[in-house]
Protein chains: 2
Amino acid sequence: MTNDVLILEDFMPYRLNRLADAISREFARIYRDRYGLTRPEWRTLAALGQHGTMTATEIGAHSAMHKTKVSRAVAALEKRRWLVRKADANDRRVERLSLTKAGQRVYGELIPVAAAFEAGMLDKLGARQREAVLKGLAALEKAVLRA
Amino acid sequence: MTNDVLILEDFMPYRLNRLADAISREFARIYRDRYGLTRPEWRTLAALGQHGTMTATEIGAHSAMHKTKVSRAVAALEKRRWLVRKADANDRRVERLSLTKAGQRVYGELIPVAAAFEAGMLDKLGARQREAVLKGLAALEKAVLRA
DNA sequence: ACATATTTGTTTCATTTGTAACCATTGAAA
DNA sequence: TTTCAATGGTTACAAATGAAACAAATATGT
């Protein structure tokens with residue numbers, strides 16, 4: 001028994017997208033206003049802050065970004081002197097990327113901001129709801145991402 | 001006790017975004033390949049299919065799109081003769097938009113495809129997980145979306 | 001060793017997007 | 001009425017994006 005109308009606001013892909021978009025936009029406004037960062041730049045900063053030294057490909061894999069986005073974000077951060085490139089001794093195609101002191105400082109400043117943002121979001125939920133969100137997210141990720 | 005590292009893959013905005021992006025892309029490939037529709041066009045089609053006749057502003061509100069996206073999507077669908085504009089008698093700024101027969105046919109064909117896509121996604125989850133997803137999504141929407 | 005394929009990353013080009021300016025119409029205020 | 005603000009929608013322009021072509025280096029197969 002196939003229906004003849006789709007309730008858009010009940011359609012999972014739409015719901016997820018709308019939600020993610022609203023939340024991302026809201027958070028993006030913060031790092032854009034404070035540091036003039038774009039989303040790819042923020043993600044690059046976050047990836048490097050978390051992992052220390054990475055190649056561009058690794059950044060892309062770890063932050064779900066197309067390689068051209070990574071390339072541009074890296075160039076922009078380099079221009080601001082928030083990251084540096086070092087040649088890799090073993091493989092000269094690769095560049096080992098890492099944050100400068102300045103980059104680490106910005107990253108360090110953004111950590112509590114990000115944490116507070118997320119906490120503020122979760123604080124609007126009850127304990128059971130929060131549990132459902134985390135469980136549901138994990139389940140979907142397992143089912144959808146690379147599954 | 002504020003931490004000094006952010007685990008990006010645990011950060012809710014990032015997780016939601018990655019998930020929504022992956023799912024949306026996958027579904028978008030379907031209507032793009034079959035009908036050459038862009039996402040704004042698909043959403044416009046879905047909104048009109050669901051509600052019958054709407055103004056551009058209403059479409060935007062109902063499908064979470066910027067008005068320029070709606071404007072362009074409407075123009076594209078009109079060009080394909082999948083929707084028509086009718087002047088509003090009371091307010092000449094407004095145009096009452098609705099699908100043509102051809103548009104309705106396409107919409108009708110996409111319904112089961114969308115339903116199957118969503119079902120395929122949920123079928124990968126167990127009953128408890130599915131429940132968690134729905135509950136978590138609803139909770140987040142209520143907390144985040146101006147609700 | 002040599003040719004070929006693959007990987008890493010950048011760049012070019014066309015498309016998509018959002019901001020802001022804009023036009024036309026309607027509503028509110030004086 | 002006459003002005004001014006608000007609304008519905010389009011368009012112009014600049015920025016962001018992705019696909020594909022590219023250069024450089026490395027890996028693989030013979």
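Heavy-atom basis, side chains included; hydrogens, waters and symmetry copies ignored.
Using a 4.0 Å heavy-atom distance criterion, B/Arg85 is classed as a sugar-phosphate-only contact. Residue B/Asp88 is classed as having no contact, given no heavy-atom separation below 4.0 Å to the nucleic acid.
Between B/Trp42 and the choices B/Tyr107, B/Tyr31, B/Trp82, B/Tyr35, the ring pair (Phe, Tyr, Trp, His ring centres under 6.0 Å) rule is met once, by B/Tyr31.
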Please list, for nucleotides 3-7 of chain C, all pairs of protein and nucleotide N/O atoms separated by less than 3.5 Å.
unit_1: C/dT7; atom_1: O2; unit_2: A/Arg93; atom_2: NH1; d: 2.8

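Counting heavy atoms from C-beta outward, A/Leu45 and A/Leu83 have side chains that stay 4.5 Å or more apart.
Considering all non-hydrogen atoms of both residues, A/Arg81 and A/Thr100 come closest at O-OG1, 2.8 Å. Taking both residues in full, the closest heavy atoms of B/Ala138 and A/Arg15 are given as N-NH2, 3.6 Å, listed atom of the first, atom of the second, then distance. Residues B/Asn17 and A/Ala20 share a closest heavy-atom pair of OD1-O, 3.5 Å. Shown here for B/Ser98 and B/Gly52, the closest heavy-atom pair between the two residues is CB-O, 3.4 Å.
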Q. How far apart are the C-alpha atoms of A/Lys135 and B/Lys135, what are their side-chain angles, what is the distance that settles it, and do they pass the side-chain contact (heavy atoms from CB on, under 4.5 Å) test?
A. CA-CA 10 Å; A/Lys135 189 172 174 181; B/Lys135 188 171 173 180; over 6 Å; no

Q) Which is it for B/Leu37 and B/Leu77 under the side-chain contact (heavy atoms from CB on, under 4.5 Å) test, yes or no, and what are the steps along the way? A) CA-CA 9 Å; B/Leu37 285 169; B/Leu77 292 178; 3.9 Å; yes

Q: Mind running side-chain contact (heavy atoms from CB on, under 4.5 Å) on A/Val74 and A/Arg85 for me, showing each step along the way?
A: CA-CA 9 Å; A/Val74 166; A/Arg85 313 176 190 239; 3.8 Å; yes

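Taking 4.0 Å as the cut-off between side-chain N and carboxylate O, A/Glu141 and B/Arg18 count as a salt-bridged pair.
Interface residues of residues 18-40 of chain A facing DNA chain C, ordered by number: A/Arg25; criterion, heavy-atom separation under 4.0 Å. Residues of residues 57-83 of chain B having a heavy atom closer than 4.0 Å to DNA chain C, listed by number: B/His66, B/Thr68, B/Lys69, B/Arg72.
Whole-Å rounding puts the B/Glu95 CD to D/dG9 C1' distance at 8 Å. Rounded to an integer number of Å, the gap from CG of A/Leu97 to P of C/dT8 is 13 Å. Computed from coordinates, the B/Arg92 CZ to D/dG8 P distance equals 16 Å when rounded to whole Å.
For B/Lys86, the NZ atom counts as loosely surrounded, since its 6.0 Å shell holds 12 or fewer non-hydrogen atoms of other residues, nucleotides or ligands.
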